[in-house]
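Reviewing the structure listed below.
Not measured: the values here are computed from a predicted model. The first residue in the sequence is number 1, and the count goes up from there. The analysis underlying the following values was restricted to heavy atoms, covering all of them including side chains, and did not include hydrogens, waters or symmetry mates.
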Amino acid sequence: MNGLKRPFALAVAQLGPIALADNRASVVKRLITLLKEAHSRGAKFVVFPELALTTFFPRYWMTEDEATERFFERGMPNTDTKPLFDLAAELKIGFYLGYAELTPDGRRFNTSILTDENAQIVGRYRKIHLPGHAHHIPTAPFQHLEKKFFDVGNEGFNVWTTQDVRIGMCICNDRRWAETYRVMALQSAEIVVLGYNTPSMNIHWNEPPHLRMFHHLLSLQGNAYQNGVWVAAAAKCGAEDGFHMIGGSAIVSPTGEIVAQAQSEEDELIFANIDLAIGESFREHVFNFGKHRRPEHYGLIIERTGAGAPLGKKPD
Ligand code: ING
């Protein structure tokens, strides 16, 4: 691509609703259709959503055992997902895929993996910021039980080099927290990829619905700019058995500008030939961490979990 100094053909594959009744094989067929379209656009990497193989089951009250039985994967790739991995290897396209992970020793994570162009898993991320609640809220129209069904991720925020690009991963609610991107930008990330399932309704107060999309995009744009990284986010969206989730899948530049955004709440591929050199400029001339950051003044970020008393230091 003329004019782009360091081009990278990046796609985001948005998924429309997955119903409770949809089996994994039918979902994988949809992922394969999106992967083929990504290939037709010349993509080298595709971002799929969070929990991309099933409906967003944390909206339903059930026991951990029932959730594990119905919605968790015991290995990756597995019988259902092998066709996706095989085609990706054939087409030489790497991807991010979110799913519910059951470990051999019985731990449960909201997980994503990163594959190289041969569909080899080079990275794994386990969701750290788990939103919602663990108890049942019978008066709510739906639940948000990620704190019940998932353990907090135990592998931190990492960055991997694949296809000569440094890519970091996170999942959904992580995208709202500045620390997520900063820890990856301190590892010299060039792209942060993520999937999400974001209900358009707030069960805690009557938040105007337009704010869901505004805060989603604000989180991507602000953090992309403040860390000099590209951000690519894939929604699973639309009404799943009547429960609506926002779309707004997007590719965001280190300038903070949206360069591609989904137009529907269905299966939809968005694509951009991104220029990784844009991130280099901002990391060199604006967010040059080595030149400008002063960690000796940032201690509270590590020392405190919740907000505490003002320090009120007296001027000497
Ligand atoms: N979903 C939502 C998200 O962070 C949420 C939950 C929405 C929390 C809005 C706070 C505000 O996008 C997931 N799966 O994290």
Any pair with a residue in residues 159-182 that passes ring-ring contact (aromatic ring centres under 6.0 Å, His included), sequence neighbours left out, goes on the list, sorted by first then second residue, please. H129-W177
Got a second to check how far C172's SG is from N197's CG, nearest 0.5 Å? 6.0 Å
Test side chain to side chain contact (heavy atoms under 4.5 Å, CB included) on K127 and N173 and set out the steps. CA-CA 9 Å; K127 188 173 182 178; N173 194 257; 4.1 Å; yes
Can you run down the side-chain hydrogen bond (donor to acceptor under 3.5 Å, both in side chains) pairs that involve residues 7-34, sequence neighbours left out, and say none if there aren't any? Q14-S249, N23-S26, R24-E73, R30-D267
Test ring-ring contact (aromatic ring centres under 6.0 Å, His included) on F95 and F85 and set out the steps. CA-CA 9 Å; F95 62 87; F85 280 72; 5.1 Å; yes
When rounded to the nearest 0.5 angstrom, what distance separates CG in N118 from CD in E90? 12.5 Å
Between K5 and E280, is there a salt bridge with N-O shorter than 4.0 Å? no
Say you draw a straight line from CD of E190 to OG1 of T161; how long is it, rounded to the nearest 0.5 Å? 8.0 Å
For the pair E207 and R212, find out whether any cationic side-chain nitrogen is under 4.0 Å from an anionic carboxylate oxygen. yes
Classify the side-chain pair N154/R126 by whether it contains a donor and acceptor separated by less than 3.5 Å. yes
Without hydrogens or angle criteria, can the side chains of R70 and T55 be said to hold a donor-acceptor pair below 3.5 Å? no
What about F271 and V47, same hydrophobic cluster or not, with Ile/Leu/Val/Met/Phe/Trp/Tyr joined at side-chain heavy-atom distances under 4.5 Å? no
If the condition is side chain to side chain contact (heavy atoms under 4.5 Å, CB included), which residues does A233 pass it with, not counting sequence neighbours? L194, Y196, H216, L220
Would you give the length of the straight line joining atom CG of D151 to atom CG of N110, rounded to the nearest 0.5 angstrom? 11.0 Å
Hydrophobic cluster membership, with links at side-chain heavy-atom distances under 4.5 Å among I/L/V/M/F/W/Y: are F150 and M76 in one? no
Could you walk me through whether L217 and V252 satisfy the side chain to side chain contact (heavy atoms under 4.5 Å, CB included) test, starting with their C-alpha distance in whole Å, then the side-chain angles of each, then the deciding distance to 0.1 Å, before giving a yes or no? CA-CA 9 Å; L217 295 174; V252 178; 5.8 Å; no
Check whether S253 reaches the backbone of G256 with its side chain - one donor and one acceptor, N or O, closer than 3.5 Å. no
Go through Y125 and D174 one step at a time and tell me if the side chain to side chain donor-acceptor pair (under 3.5 Å) criterion holds. CA-CA 11 Å; Y125 170 70; D174 290 318; 2.6 Å; yes
Spacing of I270 atom CD1 and I258 atom CD1 [to the nearest 0.5 Å]: 9.5 Å
Cluster question for you: counting only ILVMFWY and a side-chain heavy-atom cut-off of under 4.5 Å, with indirect links fine, are V231 and L269 together? no
Is there a continuous path of hydrophobic side-chain contacts, each under 4.5 Å between heavy atoms, that joins F48 to V12? no
Distance from F45 atom CZ to I93 atom CD1, nearest 0.5 Å? 10.5 Å
Residues R107, D105: salt bridge by 4.0 Å N-O rule: yes
Distance under 6.0 Å and angle within 45° of the ring axis: does R59 meet both against F56? no
Apply salt bridge (Lys or Arg N to Asp or Glu O under 4.0 Å) to the pair K236 and E50, showing each step before the final yes or no. CA-CA 7 Å; K236 174 145 68 63; E50 169 195 31; over 6 Å; no
ILVMFWY cluster, V122 and L97 together (side-chain gap under 4.5 Å): no
Apart from L218 itself, residues in the same hydrophobic cluster as defined by side-chain heavy atoms under 4.5 Å: L211, F214
For residues 220-229, the side-chain hydrogen bond (donor to acceptor under 3.5 Å, both in side chains) pairs (sequence neighbours left out) are R182-N227
Should F57 and F72 be marked as a ring-ring contact (aromatic ring centres under 6.0 Å, His included) after you check the CA-CA gap, both sets of side-chain angles, and the distance that decides it? CA-CA 10 Å; F57 62 88; F72 282 70; 5.6 Å; yes
Applying side-chain hydrogen bond (donor to acceptor under 3.5 Å, both in side chains), name anything that partners T54, two or more places apart in sequence or on another chain. none
Which residue in the set R74, R108, R124 passes salt bridge (Lys or Arg N to Asp or Glu O under 4.0 Å) when paired with E101? R124
